[in-house]
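Have a look at the structure below, then the notes.
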Amino acid sequence: MQNFDVVVIGAGPGGYVAAIRCAQLGLSTACVESWLNEEGKPALGGTCLNVGCIPSKALLDSSHHFAHMKHEAIEHGITVTGVSIDVNRMITRKAKIVSMLTQGIAGLFRKNKVEWLQGHGRLLSANQIEITPLANAGTEKTIVSAKHIIIATGSVPAKIPPAHVDQDLIVDSTGALCFNQVPRTLGIIGAGVIGLELGSVWKRLGSEVVILEALEDFLAPVDRQIANEAWKTLQKQGLDIRLGAKVTGTGSNNQQVIVTYQDKEGKHQFNVDKLIVCVGRKPNTEGLGADECGLILDERGFIEVDEHCRTNLPNVYAIGDVVRGPMLAHKASEEGVAVAERIAGRTGHMNYAAIPWVIYTWPEIAWVGMTEQELKDAGINYRCGVFPFAASGRARAMGETGGGMVKILGDAKTDRILGVHVIGPNASELIAEAVLAMEFDGSTEDIARTIHAHPTLAEAMHEAALAVDGRPVHI
Ligand code: FAD
Ligand code: AMP
């Protein structure tokens with residue numbers, strides 16, 4: 001039987017990063033992974049690289065170029081005629097990016113001497129894992145032992161009974177990343193992060209998109225001022241988002257999906273060429289052997305962990321989407337690093353109060369820390385500074401006149417930054433400054449006194465910080 005210091009189950013951004021960090025710290029490490037890619041070959045990278053962050057961003061970028069050439073290039077004096085989209089080429093490009101990056105992880109495993117165990121891992125005890133080989137790789141199960149186990153089995157798309165996913169007419173997020181043509185009409189269930197991103201891709205390429213959202217509030221977890229701005233912009237782009245709309249059933253007719261939903265005005269029905277179900281994700285513990293070895297899950301199926309990602313079993317940790325907290329790749333990775341450090345006897349660091357969120361619509365939406373509503377609900381006195389991109393020279397030069405803002409919330413007494421919210425071009429990159437400032441326990445005055453290059457979008461962050469103290473220069 002092979003014996004390792006650490007065996008990681010799952011090679012998504014949580015698991016593969018944890019495995020590499022363990023190996024860097026001198027621990028003998030293996031990583032069990034059961035993913036088979038579209039060609040039926042074993043692949044590393046998990047949801048993020050194969051069917052999540054990376055392929056969705058590849059399509060968002062392709063569709064952004066298309067929409068820009070079609071509708072915005074003219075503003076710059078550039079006439080582009082005959083703009084068309086070759087969907088198969090776009091999808092092939094996406095597949096190549098995924099393949100290159102997933103192979104890159106295999107290279108990193110070799111470089112760091114992480115052993116890749118291809119198969120499905122099942123816990124036999126707190127230090128033994130049974131591995132079932134992948135399809136076409138034999139039937140003989142093996143058992144490995146480990147001093148420490150890190151579970152990073154991620155999540156899978158949630159399902160709802162009224163919309164059964166067949167990956168043909170009704171697809172989940174994975175199916176929506178490989179349509180072979182632009183659907184003329186597209187329905188989406190769920191106006192969350194994934195629904196809005198996928199809706200944006202296909203809308204830009206020409207689909208008529210209807211998004212149904214059960215909640216009355218648009219982007220409920222997002223700061224209201226930012227969500228309202230996003231609502232206006234996305235409506236202007238033609239995304240037909242219907243709130244308080246609960247899907248009650250689906251059927252099919254002539255290669256179309258019939259969708260029925262209920263809102264406060266009653267029952268409604270419409271037909272679409274494709275329907276994407278994006279109603280969230282659920283933790284993946286299927287076939288993990290949790291029950292048999294007494295691993296405790298919470299009532300929603302997440303593996304229960306303490307603040308150090310320790311499960312109830314000795315020396316067994318769990319990280320990423322399979323445990324509480326935001327389902328984000330960078331959260332999974334940082335938990336992986338923190339756990340690896342702790343196993344190696346070092347101090348693991350994980351600051352849950354400074355995890356950035358991004359929605360890659362255009363304009364992008366990004367935030368870190370508390371919203372204005374959360375501050376009010378918690379009775380925290382705060383000061384707020386807002387700077388609109390309409391007043392940013394760089395945004396104007398870029399032709400980014402679609403509105404948006406940076407909003408900074410600081411403690412009224414101490415000036416400590418409590419939350420930063422951005423809707424605007426490149427918000428995904430701009431938020432990094434705010435995360436760093438919060439990580440350093442910075443104040444809004446710290447950002448206000450930091451010199452920002454001109455002309456940049458980041459100047460909006462500077463001006464918003466100045467605005468907290470009532471001294472913005474350009475508004
Ligand atoms: P996963 O990436 O889900 O990896 C888990 C791995 O474990 C899988 O490879 C699985 O095959 C393997 N596994 C499971 N059980 C076993 C077992 N018993 N034995 C062996 N292997 C097993 N997040 C962001 O931060 N930014 C984004 O832009 C973003 N975009 C997204 C877009 C889409 C369309 C989707 C679906 C998700 C997106 N996410 C994004 C979320 C992100 O993908 C997840 O938060 C992240 O992948 C979680 O990482 P993880 O390592 O916990 O799990
Ligand atoms: P996220 O959690 O960001 O992936 O978003 C999923 C979204 O789907 C949430 O906003 C949910 O409110 C929404 N949702 C879940 N079930 C339904 C349903 N039956 N009909 C419409 N929207 C739903």
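Indexing begins at 1, ligand by ligand and atom by atom, following the structure's order. As a basis for the values below, the full set of heavy atoms in this structure was taken, side chains included, without hydrogen atoms, waters or symmetry mates. As the structure is a prediction and not an experimental result, all values here were calculated from the model.
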Students often mix this up, so state it plainly: with edges at 30° and 60°, are the rings of His268 and Tyr261 parallel, tilted or perpendicular? parallel
Going by heavy-atom distance to atom 48 (C) of ligand 1, choose the closest among Val358, Asp321, Leu44, Ile319. Asp321
At a 4.0 Å threshold, what atoms of ligand 1 neighbour a non-hydrogen atom of Ser56? 32 (C)
Tell me which protein heavy atom sits closest to atom 5 (C) of ligand 1, plus the residue, atom name and distance to 0.1 Å. Ala152 O, 3.4 Å
Specify the protein heavy atom at minimum distance from atom 19 (N) of ligand 1: its residue, its atom name, and the distance to 0.1 Å. Gly121 N, 2.8 Å
Ligand 1 to Lys57 polar contact by distance, N or O atoms, under 3.5 Å: yes
Can you name the atoms of ligand 1, numbered from 1 with element, that are less than 4.0 Å from a heavy atom of Met327? 41 (C), 45 (O)
Is a salt bridge present between Glu216 and Lys264, judged by a nitrogen-to-oxygen distance below 4.0 Å? yes
Out of Ile211, Val209, Leu198, which one pairs with Ile276 under the side-chain contact (heavy atoms from CB on, under 4.5 Å) rule? Leu198
Proximity winner for atom 4 (O) of ligand 2, if only heavy atoms of Pro221, Ala220, Gly280, Ala158 are counted: Gly280
Is there a polar contact, in the sense of an N or O pair closer than 3.5 Å, between Ala214 and ligand 2? yes
Between Lys57 and Glu197 (salt bridge meaning N to carboxylate O under 4.0 Å), is one present in this structure? yes
Answer yes or no: is there a donor N or O on one side and an acceptor on the other, between the side chain of Glu400 and the main chain of Ala395, under 3.5 Å? no
Under-4.0 Å salt bridge between Glu341 and Arg21: yes
Enumerated ligand 1 atoms positioned under 4.0 Å from heavy atoms of Cys48: 2 (O), 43 (O), 47 (O)
Quick test: of every protein heavy atom, which one is nearest to atom 31 (C) of ligand 1, and how far off is it to 0.1 Å? Cys53 N, 3.4 Å
Between Gln256 and Asp273, does the side chain to side chain donor-acceptor pair (under 3.5 Å) criterion hold? Intermediate values first, please. CA-CA 5 Å; Gln256 282 214 315; Asp273 294 337; 2.7 Å; yes
Crowded around Phe440 CZ? As in, over 12 foreign heavy atoms under 6.0 Å? no
When you compare ligand 2 with Glu213, is there at least one nitrogen or oxygen pair between them that comes in under 3.5 angstrom? yes
Considering heavy atoms of the protein only, find what lies nearest to atom 6 (C) of ligand 1 and give residue, atom and distance to 0.1 Å. Glu33 OE1, 3.5 Å
Ligand 1 to His330, heavy atom cutoff 4.0 Å, flagged ligand atoms 25 (O)
Determine whether Ile188 and Val210 make a side-chain contact, defined as any pair of heavy atoms from C-beta on separated by less than 4.5 Å. no
Side chain, backbone, both or neither: Ser155 near ligand 1, heavy atoms under 4.0 Å: backbone
Work out whether the distance between some heavy atom of Gly119 and some atom of ligand 1 is less than 4.0 Å. yes
Would you say ligand 2 has an N or O under 3.5 Å from any N or O of Val193? yes
Does any donor atom in the side chain of Thr260 or Gln269 lie under 3.5 Å from an acceptor atom in the other side chain? no
Closer than 4.0 Å to some heavy atom of Leu215 - which atoms of ligand 2 meet that? 12 (O)
Ion pair present between Arg224 and Glu374, side-chain N to carboxylate O less than 4.0 angstrom? no
Considering the heavy atoms of Gly320, write down every atom of ligand 1 situated less than 4.0 Å from one of them. 52 (O)
Please identify which atoms of ligand 1 are closer than 4.0 Å to at least one heavy atom of Gly46. 2 (O), 4 (O), 8 (C), 9 (O)
Could you tell me, atom by atom, which parts of ligand 1 come under 4.0 Å of a heavy atom of Arg281? 36 (C)
Who's the nearest protein heavy-atom neighbour of atom 51 (O) of ligand 1, and how far? Gly14 N, 2.8 Å
Please state which protein non-hydrogen atom is closest to atom 3 (O) of ligand 1 and give its distance, to 0.1 Å? Thr47 OG1, 2.6 Å
Tell me whether Tyr360 has any N or O atom under 3.5 angstrom from an N or O of ligand 1. no
Take Leu297 and Ile303 through the side chain to side chain contact (heavy atoms under 4.5 Å, CB included) test and state the conclusion after the steps. CA-CA 4 Å; Leu297 310 184; Ile303 296 175; 3.6 Å; yes
Is there a side chain to side chain donor-acceptor pair (under 3.5 Å) between Glu439 and Asn351 once you walk through the steps? CA-CA 8 Å; Glu439 187 61 42; Asn351 183 356; 3.2 Å; yes
Any N or O of Ala332 that comes nearer than 3.5 Å to an N or O of ligand 1? no
Neighbour count >12 (heavy atoms, 6.0 Å) for atom CD, Gln167: yes
Just checking, Arg242 and Phe270: is the charged tip under 6.0 Å from the six-membered ring centre and within 45° of the axis? yes
Pairing of Asp263 and Lys246 as salt bridge, 4.0 angstrom limit: no
For Asp377, does the CG atom have more than 12 heavy-atom neighbours from other residues, nucleotides or ligands under 6.0 Å away? yes
Test item, Arg122 contacting ligand 1 (heavy atom, 4.0 angstrom): no
Purely on distance, is any nitrogen or oxygen of Ser34 under 3.5 Å from one on ligand 1? yes
With a 4.0 Å cut-off on heavy atoms, does Ala245 reach ligand 2? yes
Which one of Val51, Leu177, Thr153 has a non-hydrogen atom at the shortest distance from atom 16 (C) of ligand 1? Thr153
Could you check atom 25 (O) of ligand 1 against the protein and tell me its nearest heavy-atom contact, residue, atom and distance included? Ala329 N, 2.8 Å
Does only the side chain of Ile194 get under 4.0 Å from ligand 1, or the backbone, or both, or neither? Count heavy atoms. side chain
For ligand 1, which atoms, with element, lie under 4.0 Å from some heavy atom of Gly12? 2 (O), 4 (O), 6 (C), 51 (O)
State if Ile189 counts as touching ligand 2 under the rule of any non-hydrogen atom under 4.0 Å. yes
One should read off an interatomic distance between Ile189 CD1 and Thr250 OG1, to the nearest 0.5 angstrom, of 7.0 Å
For atom 46 (C) of ligand 1, what is the closest protein heavy atom, and at what distance to 0.1 Å? Pro13 CG, 3.7 Å
